[in-house]
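Presented below is the structure to which this report refers.
Residue numbering restarts at 1 for every chain, and letters A, B, ... go by the order of the sequence lines. All heavy atoms count here, side chains included; hydrogens, waters and symmetry mates do not. Since the model is a prediction, treat every value here as computed from it, not as a measurement.
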Amino acid sequence: MEHTESDTQMQEENMEDLFAARRAKLNFWRERGIDPFGGKFEITHRSSDIIRKVESMSREELDEHKIYVKIAGRLMSRRGHGKAAFGHILDSDGMIQIYARIDTLGEDHYQEFKALDIGDIIGVEGFVFKSNHGEVTVHVEHLTLLAKSLLPLPEKWHGLRDVETRYRRRYVDLIMNTDVRETFIMRSRIIQSMRRHLEAQGFLEVETPTLHSIAGGAAARPFRTHHNALDMPLVMRIALELHLKRLIVGGLERVYEIGRVYRNEGVSTRHNPEFTMMELYAAYMDFQDMMKLTEELIEQIALDVRGTTEISYGERQISLRTPWRRVHMVDLIAELTGVNFFTVQTTEEARKLAISHGVAITDTMEFGHIVNEFFEQKVEDTIVDPTFIYGHPVEISPLAKKNAEDPRFTDRFELFIAGREYANAFSELNDPIDQRERFEAQLRERELGNDEAHEMDEDFIMALEYGMPPTGGLGIGVDRLVMLLTNQPSIRDVLLFPLMRSVE
RNA sequence: GAGCCAUUAGCUCAGUCGGUAGAGCACCUGACUUUUAAUCAGGGUGUCGCUGGUUCGAGUCCAGCAUGGCUCACCA
């Protein structure tokens, strides 16, 4: 929509009305020869450095041995007292109090201090003391305006609560809400910890393409895009799997990638169209090894970032202490429903059991799909403590090796905690002939209307035909792991910029 | 995609039975040299999400739409 000239003018006048004071202050600074959007400022300390340093010192000690500091941050509050004033500035480590007075700064510079607005970014040079209330404070001897703030911050007491604004203007959320800042710092630490532990086990971090010509490695609808110069349709990747396995073929025996995948599906408290997966592949290992690796990895990350394996998630108390329960999908279904699918031989029989147990199924579902429906509808929600569910049916596992004893099932597991899936792993299918048959079965599902079934990937089969060692593979949903370890109920609270509808 | 809920000042929120829009913080003016949700005196800054409808009169009632949240569906 185009604004008419008078519309624009009116809006500007409104803005002038509301924020005239802040804009007027740009001139105040410029008249003094000060650029209100200044340059580099060398700090000597961060707020937490100072507080840590002087914590144990008495007021007298501090007065005798003055510590001079240069810090920078955003002015968050101010309490004027005529010829003196207190305020707080916020830097990346937190808040620290500052104190300015006219007899230290001089008339001119004190006027400058008084001209500051909350939200302005300033540099401060001075010495550290403790106030009458014992709060560590920087006595300002020199003040530098580093960046003028033209928009007012939310209220100091209630902060920013509006969920929509918090997501759309995450920067304001990060300024105002300490816990939000901490959650995202924690997210970074979780990923750092993950990298450290994988590196320690000899895994090589790699980067594979996000633009694919075939969406493979998972069952999901992709985002479609187009390359202009090559006039070629492309999709955004839905998984990391198939390229990482090509690298195993290539002899990189332990690889992992932490990367964004894109799935064209709805949003919810647990789903964002783009999210972060960690996938790793290790030659000569199998899905049992992956269980051990998974539980040790997550336990170690919890210890690194939380210092304990005992965590609360919402109302629930969860122990991440290893070893975790391992149970066959069929056995757990039997435990909870009395139906033992090991003894069920035909799809017909399975279908009757579904109907008699109130499990919703569709006409095109085969034996394995029905077993999976039993699991999802009757079992999944009941799992609280970490549990490896293994032995998924072959129909829903087109990239996993069949179980040697019962080829209706695969050497695959998923990790469930508090009713949610956190990891998916298997002994990777490395038989190219079997792989081709699995893809063909997927194509038949596609014809029956499952638009999330796998496509044939000839290039991937060719890679297997060169020979892929027996390999264990694992995928972990990083966002969900962060939710668990930071006790956040919504995936949007662990994504800095969750997908939102655009505003006109 | 469906159901429920929300949308009022920069922010956090009140707003009765349908009768000319309110508070706190922030902001502006003034006082105040160790305050900390500083205090004291004065000042209300608004497209009540949008569009229609009912009505003498709508922030309030009705319909549609928009955005967001929650639940469900979808997501093996």
Side-chain angles (χ1 to χ4, degrees), chain A residues 7 10-11 14-22 24-25 59 76-88 95-105 110 117-119 129-135 137 139 149-169 172 176 218-221 238 263-273 275 329 360 365 368-373 375-377 380 389 392-400 410 412 414 420-421 424 442 445 450-454 477 489-493 498 500-504:
Chain A
D7 276 349
M10 253 172 63
Q11 281 184 355
N14 283 338
M15 290 294 278
E16 286 300 321
D17 283 349
L18 292 166
F19 308 124
R22 290 193 177 220
K25 279 179 188 159
R59 299 179 72 185
M76 296 301 286
S77 64
R78 190 177 35 189
R79 298 171 289 284
H81 295 270
K83 297 186 172 62
F86 285 91
H88 274 98
M95 297 253 232
I96 189 165
Q97 183 164 259
I98 58 173
Y99 177 58
R101 44 191 289 167
I102 196 163
D103 52 11
T104 311
L105 279 170
Y110 189 69
D117 286 311
I118 286 171
F129 75 104
K130 285 188 179 177
S131 71
N132 285 345
H133 289 68
E135 180 166 347
T137 306
H139 189 127
S149 168
L150 296 178
L151 290 173
L153 288 175
E155 187 214 326
K156 63 188 167 191
W157 191 241
H158 296 94
L160 181 63
R161 294 273 176 79
D162 182 77
V163 178
E164 185 173 353
T165 312
R166 286 187 42 228
Y167 295 154
R168 288 192 192 275
R169 299 186 208 166
V172 180
M176 298 307 297
R221 281 173 296 183
I238 58 172
R263 297 186 183 176
N264 210 333
E265 55 198 34
V267 297
S268 76
T269 48
R270 291 169 293 282
H271 300 85
N272 192 67
F275 61 101
M329 183 182 279
M365 283 182 178
H369 299 114
I370 295 167
V371 173
N372 188 51
E373 288 301 316
F375 175 75
E376 289 190 356
Q377 294 178 40
E380 199 172 302
I389 303 294
H392 295 57
V394 67
E395 291 92 333
I396 60 161
S397 313
L399 299 163
T410 58
R412 171 185 178 186
E414 288 179 306
R420 282 184 199 162
E421 180 196 338
N424 182 20
Q442 289 290 305
E445 282 198 24
N450 179 0
D451 56 1
E452 284 163 3
H454 246 278
S490 169
I491 196 170
R492 296 184 201 101
D493 292 319
M500 303 287 276
R501 264 181 226 273
S502 52
V503 277
E504 276 304 306

Taking the [atom1] atom in each of [N] and [M], what is the distance between them to the nearest angstrom?
N	M	atom1	result
B:rG46	B:rU29	C1'	22 Å
B:rC61	B:rG24	P	27 Å
B:rA14	B:rU8	P	11 Å
B:rC72	B:rU16	P	33 Å
B:rG59	B:rU54	P	16 Å
B:rU47	B:rG22	P	16 Å
B:rC40	B:rU35	P	15 Å
B:rG42	B:rG52	C1'	44 Å

Exercise for review: Starting from the 5' end of RNA chain B, give me the residue, A:Pro154 or A:Lys83, whose nearest nucleotide shows up first.
Suggested key: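 Looking at the nearest nucleotide for each, A:Pro154 comes out on the 5' side.
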
Practice item. Nearest-nucleotide wise, let me know which of A:Asp117 and A:Arg161 is further upstream toward the 5' end of RNA chain B. Key: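 Whichever sits nearer the 5' end wins; that is A:Arg161.
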
Assign [X] to base, sugar-phosphate, or nothing according to its heavy-atom contacts below 4.0 angstrom with the strands shown.
X	answer
A:Gly159	sugar-phosphate
A:Glu414	nothing
A:His392	nothing

Exercise for review: Determine, for nucleotides 67-74 of chain B in 5'-to-3' order, which nucleotides have protein heavy atoms under 4.0 Å from the base (write B), from only the sugar-phosphate (write S), or from neither (write -).
Suggested key: SSSSS--B

Restricting to side-chain contact (heavy atoms from CB on, under 4.5 Å), what partner residues turn up for [X], sequence neighbours left out?
X	result
A:Glu421	A:Glu414, A:Phe416, A:Asn424, A:Arg480
A:Asn272	A:Glu274, A:Ile491, A:Leu495, A:Pro498, A:Leu499
A:Met76	A:Arg74, A:Leu90, A:Met95, A:Leu153, A:Ile175, A:Met176

Practice item. Tell me, with the steps shown, if A:His133 and A:Gln97 meet side chain to side chain donor-acceptor pair (under 3.5 Å). Key: CA-CA 12 Å; A:His133 289 68; A:Gln97 183 164 259; over 6 Å; no

Practice item. Can you tell me which stems involve RNA chain B, if a stem is defined as three or more consecutive Watson-Crick or G-U wobble pairs, both distances under 3.5 Å? Key: B:1-7 with B:66-72, B:10-13 with B:22-25, B:27-31 with B:39-43, B:49-53 with B:61-65

Review point. Between A:Asp117 and A:Arg78, does a salt bridge (charged side-chain N to carboxylate O under 4.0 Å, His left out) hold up when you go through it step by step?
Key: CA-CA 9 Å; A:Asp117 286 311; A:Arg78 190 177 35 189; 5.2 Å; no

Between [atom2] on [N] and [atom1] on [X], what's the gap in Å once rounded to a whole number?
X	N	atom1	atom2	result
A:Phe129	B:rU36	CZ	C1'	12 Å
A:His81	B:rU36	NE2	P	7 Å
A:His139	B:rU33	NE2	P	14 Å
A:Ile98	B:rU36	CD1	P	17 Å
A:Arg166	B:rU7	CZ	P	18 Å

Residue list, side-chain hydrogen bond (donor to acceptor under 3.5 Å, both in side chains) with [X], at least two apart or on another chain:
X	answer
A:Arg169	none
A:Thr269	none
A:Asp451	none
A:Asn264	none

Exercise for review: Ignoring backbone atoms, establish whether A:Lys25 has a side-chain N or O less than 4.0 Å from OP1 or OP2 of B:rC28.
Suggested key: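 The answer is yes; a side-chain N or O of A:Lys25 sits under 4.0 Å from OP1 or OP2.
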
Check your understanding: Is there a side-chain polar atom (N or O) of A:Arg79 under 4.0 Å from OP1 or OP2 of B:rU35?
Key ->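 No, because none of the side-chain N or O atoms of A:Arg79 sits under 4.0 Å from OP1 or OP2 of B:rU35.
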
**Study point:** Distance-only donor-acceptor test, A:His133 side-chain atoms vs B:rU35 base atoms, 3.5 Å
**Key:** no

Review point. Do the side chain of A:Asp162 and the base of B:rU7 come within less than 3.5 angstrom through a donor-acceptor pair of N or O atoms?
Key: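 No, no donor-acceptor pair under 3.5 Å.
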
Exercise for review: Write down the atom of A:Ala220, the atom of A:Glu265, and the distance for their closest heavy-atom approach.
Suggested key: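 Looks like CB-OE1, 4.4 Å.
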
Review point. Of all residues at least two apart in sequence or in a different chain, which pass the ring-ring contact (aromatic ring centres under 6.0 Å, His included) check with A:His454?
Key: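 Applying ring-ring contact (aromatic ring centres under 6.0 Å, His included) to A:His454 gives A:Phe439.
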
Point to revise | Partners meeting ring-ring contact (aromatic ring centres under 6.0 Å, His included) with A:Tyr99 (sequence neighbours left out) | key: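 Here the qualifying residues are A:Phe86, A:Phe129, A:His139.
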
Point to revise | Side-chain H-bond candidate by donor/acceptor type, A:Asp162 with A:Tyr167, under 3.5 Å | key: no

If you restrict it to nitrogen or oxygen atoms, what contacts under 3.5 Å exist between nucleotides 21-26 of chain B and the protein, and what is each distance?
from   : atom 1 : to       : atom 2 : distance (Å)
B:rG24 : N2     : A:Glu155 : OE1    : 2.8
B:rA26 : OP1    : A:Lys156 : NZ     : 2.8

